[in-house]
Amino acid sequence: MQEEEKPWALISEVGGDNGYLEELVDLMRQHFRIILHKDLQSDPHLHAAKIQVMFMWRYLPMAESSLLRSLPSLKVIAGAGVGTDHLDLPFIADLGLKVTNTPGVVSDATADMAMALLLASARKVLQAHQTTVDPKTTQMPNGLMGFEVTGSTIGIIGMGDIGYKIAERSKGFNMNILYHNRTRRDASAERSVGATYCDTVDELLRRSDFVMVAVCLTPDTAGMIGRRELSLMKPSATLVNISRGRVVDQDALVRALQSRTIHAAALDVTHPEPLPRGHPLLSLPNVIITPHIGTQTYSTARRIVKAMVDNALAALTGRPIPNEVKPK
């Protein structure tokens, strides 16, 4: 396709904290003429009418009504990742726009990150590193006792694709795997990873050494881990959240960690992101927080962008869209 024949696509930025790697933009340029959000803003009359696709990376450009209404030729918002809680899907549908995401391609990287957080918290990896590099350290301490992962019990809340991949990795550690999901997995899937279904979240919380939260953010899951749920966990248990920050009541989590109602928390997500400086979660010694990097590997980023491109091209050409998201 000649350059002048390519459809126009809007992206946030190249480089920076929230932008695309140059190699990822090159993948897009094979099929689209790319315009940066800042260039659109500098001259909207020149560019706005040309844009048919908006690629959304790390929630940017934000799908604000003013932006969407200013793009008369826009056909599709092609998002990265799985979650769509940042989008007003009914409003977008009313504008006649398609929405797509990229499930599946993010699952392995996210499951890897879940296990990394679990292991780092259980074995006090961060504290051990800080002690080792501290210039005041003259001898290695014996007090960094952690919890055994092998043979322990993990409770996975949310057994979708990511949750199932976490179970596969947990099986490699000979963990006792419990799970709760809106829909129970079939018997063969349970046998494959050795997972046991819990009828209630409460049962899972009481029995687990590590509670792994891997659900989508919906009105039903917002705040699903609160004071009552944390009180059901073992005092030696660790909460790991790789879903969305608002799934956990952070005020209740702070109190549970301060009072040692639970032993520790390991979080790749918070609300907001980043947390305000001075937030109590940032100073608690029994917390590990990473900045929502579950999907950030080079190979996963390339797969995400390829899926975004495939979704957008399908939407523009009238072909079945591989990963269309429709309002419920």
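At a cut-off of 3.5 Å, with distance as the only test, a side-chain donor of Ser107 or Asp161 sits close to an acceptor on the other residue. Using modelled atom types and a 3.5 Å distance limit, the side chains of Asn174 and Thr150 yield no donor-acceptor pair.
Between His180 and Tyr197, the angle of the ring planes stays under 30°, which puts this pair in the parallel group of the 30/60° scheme.
By the neighbour-count criterion of 12 heavy atoms within 6.0 Å, atom CG of Asp17 is sparsely surrounded, having that number or fewer from other residues, nucleotides or ligands. More than 12 heavy atoms of other residues, nucleotides or ligands sit less than 6.0 Å from atom CD of Glu4. For Arg123, the CZ atom counts as loosely surrounded, since its 6.0 Å shell holds 12 or fewer non-hydrogen atoms of other residues, nucleotides or ligands. Residue Phe91 places its CZ atom among more than 12 non-hydrogen atoms of other residues, nucleotides or ligands, all under 6.0 Å distant.
Residues Leu119 and Val125 do not share a hydrophobic cluster, clusters being chains of Ile/Leu/Val/Met/Phe/Trp/Tyr side chains in contact below 4.5 Å.
For Ala122 against Val149, the heavy-atom pair with the smallest separation is CB-CG2, 3.7 Å.
Side-chain N or O atoms of Asn311 include one that pairs as donor or acceptor with a backbone N or O of Ala307 at under 3.5 Å. Here the side chain of Asp268 pairs a donor or acceptor atom with the backbone of Ile293 at under 3.5 angstrom.
Residues Leu89 and Lys326 fail the side-chain proximity criterion, which asks for heavy atoms closer than 4.5 Å. In this structure, the side chains of Arg207 and Met233 stay at 4.5 Å or more apart for every pair of heavy atoms.
Annotation: cation-pi pair Arg185/Tyr164 present, NZ/CZ under 6.0 Å from the ring centroid and within 45° of its normal.
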Point to revise | Asn241 vs Ser243, side chain to side chain donor-acceptor pair (under 3.5 Å): CA-CA, chis, key distance, verdict | key: CA-CA 6 Å; Asn241 186 13; Ser243 57; 2.5 Å; yes
Practice item. Given side chain to side chain donor-acceptor pair (under 3.5 Å), test Thr183 with Asn181 step by step and report yes or no. Key: CA-CA 5 Å; Thr183 304; Asn181 201 47; 5.2 Å; no
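Between Glu22 and Arg29, at least one side-chain nitrogen of the basic residue sits less than 4.0 Å from a carboxylate oxygen of the acidic one, meeting the salt-bridge criterion. Looking at Glu3 and Lys6, a side-chain N of the basic residue comes within less than 4.0 Å of a carboxylate O on the acidic one, giving a salt bridge. Ionic pairing of Arg227 and Asp249 is not present here: no N-O contact between side-chain nitrogen and carboxylate oxygen is shorter than 4.0 angstrom.
For Phe32 and Phe55, the distance between ring centers is under 6.0 angstrom.
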